[in-house]
Amino acid sequence: MSDRPSKKLKMDSEAELVAEAAEEHLRTHPHNSRPPTPFTAHDDGEFKGLTKHQTTAEQAEKLENGPKNPFTGGELSQQYFKILKGRRDLPVHSQRQEFLDIFHSTQIMVFVGETGSGKTTQIPQFVLYDEMPHLTGMQVACTQPRRVAAMSVAKRVADELDVELGEEVGYSIRFENCTTNKTILKYMTDGMLLREAMDDHNLAKYSCIILDEAHERTLATDILMGLLKQVSIRRPDLKIIIMSATLDAEKFQSYFNDAPLLAVPGRTHPVEIYYTPEFQRDYLDAAIRTVLQIHATEPEGDILLFLTGEEEIEDACRKISLEGDEMIREQGAGPIKVYPLYGSLPPNQQQKIFEPAPEPLKAGGKPGRKVIVSTNIAETSLTIDGIVYVVDPGFSKQKVYNPRIRVDSLLVSPISKASAQQRAGRAGRTRPGKCFRLYTEEAFQKELIQQSYPEILRSNLASTVLELKKLGIDDLVHFDFMDPPAPETMMRALEELNYLQCLSDEGDLTPLGRMSSQFPLDPMLAVMLIGSPAYHCSEEMLTIVALLSVPNVFVRPASARKRADEAKMAFAHEDGDHLTLLNVYDQFQGDEARVIGLHQWCRDNFLSYRSLTSAKSVRSQLTRIMERNDLQLIGGDYDNPSYYNNIRKALAGGFFMQVAKKKSGSKGYLTIKDNQEVLIHPSTVLSNTSEWVIYNEFVLTKSNYIRTVTNIKPEWLVEIAPKYYNLDHFAPGDVKLSLERVIETVETMKRVNGDKKVKKSSKSSKSKK
DNA sequence: AGAGTGATC
């Protein structure tokens, strides 16, 4: 508390910065004329006499005790007091004063609260009582990695504060802004806060920003941390809290200039960990045996088994069910019910995991047991109460990005220690549990890495780099990432954005780049969309882009693969998968589907209702952004013979870097520039005769595949992207030779046509067939 | 010839 002269000096410059921030705030929020700090409540409200950043836990608790709602002045309900009692039992409550002391003493703090500590619901409320945003006109934001979490926590906290959801407490997620000008506490997805930051570099409307679940290290969280570190200098009045679930908080502390830490214990039951004595060669088989053994020998309680993917899970479910039935017949075991759980499962089937375990076969008989076989989704996104046994083979599918060949792939890889701990914790939510790890203790100690690699190290960064540029960060090379991505990944992203003309040769944002950054899309797709009015097909391109940014619309259940493939062929377009997607959407929006009912129509045609409806929301969001940017909404004339050609040209305008050429005398293709040998993914509708194709993605599974492909003409490419198709930069080979011939032909045609002058009217000709 | 962990704007 000593006021040394040096500090005094610093205070002065800080005051200047505060004034600057206030000015900026005034510019963007002219209605608010209050200085950001210091602030004492003088009006007759409940907070009268309290000074911001000097309140105590006692004062806050007194206000919480009523009789009036301190934030609205309204009456408090019975329900409120009932919940308040429960809140006071949460582990964080006993450390409220300790929290406030640190909060007051520092601009940035790290808060570690393990499962059950109450951090997500309580800490933001602690902040409210100290920041008094309802009196200062500022807001408190709390970010979550997932939409459902943002929504459900906001609802809970609205109840705890006895206010209507969307009024004082609200949430903001994509497609849904549930806040008003009364909102003082806003739960939001981290991606949403990042979007806001792109238009408001100082996040001027917030007086405190809480990043929750920071340990998950999502791309958005990582960028926000880097951004907030910079904003904290420009806005000394902004408080920042980094919340994490793991004890591995030193990394956050040291990143934020040795920010102080507060750790609060969680409230979970102990979980006993068992390891296998030796390495398991076949983890799938070991997992199934372990589940059955638990069922045969362990007391009542449900089982959660972690596997890596849909097929593996469905397979395991079948086997466990079969063997379980045999155990009932032969050993008199209790009944067993097995449920799969993975992301692409329809919601009604996902819900089934919450059904109670089966009843004993006869009264007083052996208790029934529920077994859930799940992907990582049960590690973070979904919590299931009643799990007592966890079986953890130690693997998950993880995204890996290879910048050299620009390939995203999903690899089955060993999980991290943190993940293993998280999985084990799932057994202790309702009572003490057991976790069976199907690897040795030595492997756990020596082979598992501490934390999973953050997403930023495993992703293509094209959209991230564009976002950073839009955030006003010019010097990306020296941007202070918590974990800096590989230089090669950054270079690839910069290069790609330059070819797309989103960045100039100097690395500055171009008007096209600025516009592209407004779309929640991969820059390639954004550029394609922005360019589409020139080909008279922005309506069609909106549909295609929307469908490319939702999960696959084609459903292919293992039990009906052949019928599903036939259903798909009914939508097929001879020129490829993008046009096939367009056909699907047009029919989804058509009369026949409406008459049958969209759900039924989707079932009949093996299409995902969920994906198609979410594509519809994406499409309307993208349409609004097009309108806002005065981009023409225009659909082609279906009867015009060049209708599909225009769409294919527009596709090439975005995908000109993702092109493959058929290898002569082979079923394979070569990607241009990289000369990677690839196959067209078996899911395509395209026959194997197309010479040149553009592809949506390059995936590495059992082989190198290009997926979602459309047949194009090479002369379009050299016209659309002459810079990229500068052949000096191509390695010698088959592709280069073909391109040289193409360019030669194009040049010749230009020369010949140059004399004749191309007729301008050709575009408007609507010749009917 | 043969196939999708999870999430987000």
Side-chain angles (χ1 to χ4, degrees), chain A residues 143-150 172-177 188-199 213 216-224 306-314 341-345 374-382 395-400 408-413 415 419 422 452 454-456 458-459 463-464 466-467 470 516-523 525-526 549-558 561-562 564-565 568 608 611 614 617-618 621-622 625 666-668 678-684 687-688 697 699-703 705-708:
Chain A
T143 68
Q144 298 292 320
R146 282 167 293 279
R147 282 191 225 164
V148 267
S172 173
I173 59 176
R174 188 182 190 182
F175 306 130
E176 205 183 346
N177 181 6
M188 61 205 302
T189 46
D190 45 17
M192 201 71 206
L193 185 60
L194 203 55
R195 282 277 139 185
E196 286 189 7
M198 285 166 59
D199 293 322
E213 315 289 358
E216 286 193 27
R217 302 291 307 277
T218 66
L219 247 172
T221 300
D222 269 25
I223 301 168
L224 279 172
F306 285 100
L307 291 178
T308 62
E310 174 175 345
E311 203 182 312
E312 198 179 75
I313 287 170
E314 293 288 357
L341 176 61
Y342 45 85
S344 57
L345 210 60
S374 172
T375 61
N376 260 357
I377 194 170
E379 200 179 297
T380 47
S381 308
L382 269 170
F395 293 97
S396 72
K397 274 191 188 167
Q398 285 166 32
K399 192 173 73 181
V400 184
D408 257 331
S409 46
L410 279 173
L411 282 183
V412 173
S413 333
I415 59 170
S419 272
Q422 177 76 11
S452 311
E455 211 182 348
I456 199 163
R458 299 183 283 117
S459 310
S463 16
T464 303
L466 195 62
E467 279 165 20
K470 185 73 205 316
S516 300
S517 73
Q518 291 177 43
F519 289 89
L521 294 170
D522 185 292
L525 296 181
S549 42
V550 297
N552 191 2
V553 295
F554 297 105
V555 177
R556 198 167 182 256
R561 284 194 186 145
K562 200 159 165 246
D565 292 346
K568 183 173 180 176
S608 161
S611 283
S614 101
S617 330
V618 173
Q621 188 191 26
L622 298 176
I625 302 173
S666 149
K667 63 181 158 65
V678 294
L679 294 171
I680 296 185
H681 197 275
S683 64
T684 191
S687 67
N688 217 315
E697 56 187 346
V699 289
L700 176 69
T701 48
K702 280 179 184 157
S703 177
Y705 292 109
I706 49 175
R707 187 160 55 194
T708 315

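Excluded from the calculations below are hydrogen atoms, water molecules and symmetry mates; all remaining heavy atoms, backbone and side chain alike, are included. By convention in this document, chain letters (A, B, ...) are assigned in the order of the sequence lines, proteins followed by strands, and residues within each chain are numbered from 1.
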In whole angstroms, how far is the P atom of B/dT8 from the CD1 atom of A/I223?
16 Å

Assign each of A/E467 and A/T308 the nucleotide of DNA chain B bearing its closest heavy atom; nearer the 5' end lies the nucleotide of A/T308

State whether A/R146 and A/E216 are salt-bridged, where the test is any N-O pair (Lys NZ or Arg NE/NH1/NH2 against Asp/Glu carboxylate O) under 4.0 Å.
yes

From CZ of A/R147 over to P of B/dG6, roughly how many Å is that when rounded to an integer?
15 Å

Once you round it to whole Å, what is the distance between P of B/dA7 and CG of A/L194?
19 Å

When the distance from NZ of A/K399 to P of B/dA7 is rounded to whole Å, what number comes out?
13 Å

By nearest atom, which of the nucleotides B/dC9, B/dG2, B/dA7 is closest to the A/P520 side chain?
B/dC9

Of A/Y342 and A/F175, the one whose closest nucleotide on DNA chain B sits nearer the 5' end is A/Y342

Does A/S683 put a side-chain nitrogen or oxygen below 4.0 Å from OP1 or OP2 of B/dG2?
no

Near A/E311 CD, under 6.0 Å, is it more than 12 heavy atoms from other residues, nucleotides or ligands?
no

Select base, sugar-phosphate, or nothing to describe what A/R146 touches, counting heavy atoms under 4.0 Å on all strands.
sugar-phosphate

Answer with base, sugar-phosphate or nothing: what part of the nucleic acid does A/T189 contact at a heavy-atom distance below 4.0 Å?
sugar-phosphate

Any N or O donor-acceptor pair under 3.5 Å from the base of B/dG6 to the side chain of A/E455?
yes

Sugar-phosphate only, base, or nothing, as touched by A/I377 at under 4.0 Å among non-hydrogen atoms
sugar-phosphate

Any donor-acceptor pair, under 3.5 Å, between the side chain of A/R174 and the base of B/dC9, if you only look at N and O atoms?
no

Return the value, rounded to whole Å, for the distance between atom CD of A/E379 and atom P of B/dG6.
12 Å

With sequence neighbours left out, write down each residue that passes side-chain contact (heavy atoms from CB on, under 4.5 Å) with A/S396, or none if nothing qualifies.
A/N376, A/Q398, A/I415, A/R423

Tightest non-hydrogen contact, residues A/P551 and A/S611, listed as O-OG, 2.8 Å

Base, sugar-phosphate or nothing for A/E310? Non-hydrogen atoms, less than 4.0 Å.
sugar-phosphate

Starting from P on B/dG6, measure out to CG on A/N376 and report it in whole angstrom.
8 Å

Value in whole Å for how far the C1' atom of B/dA1 lies from CZ of A/R561:
14 Å

Between B/dA7 (P) and A/D222 (CG): distance, integer Å
19 Å

Sugar-phosphate, base or nothing in reach of A/I173, heavy atoms under 4.0 Å:
sugar-phosphate

Scan A/Y705 against the nucleic acid and name what it touches under 4.0 Å (heavy atoms): base, sugar-phosphate only, or nothing.
sugar-phosphate

What pairs with A/R458 under side-chain hydrogen bond (donor to acceptor under 3.5 Å, both in side chains), at least two apart in sequence or on another chain?
none

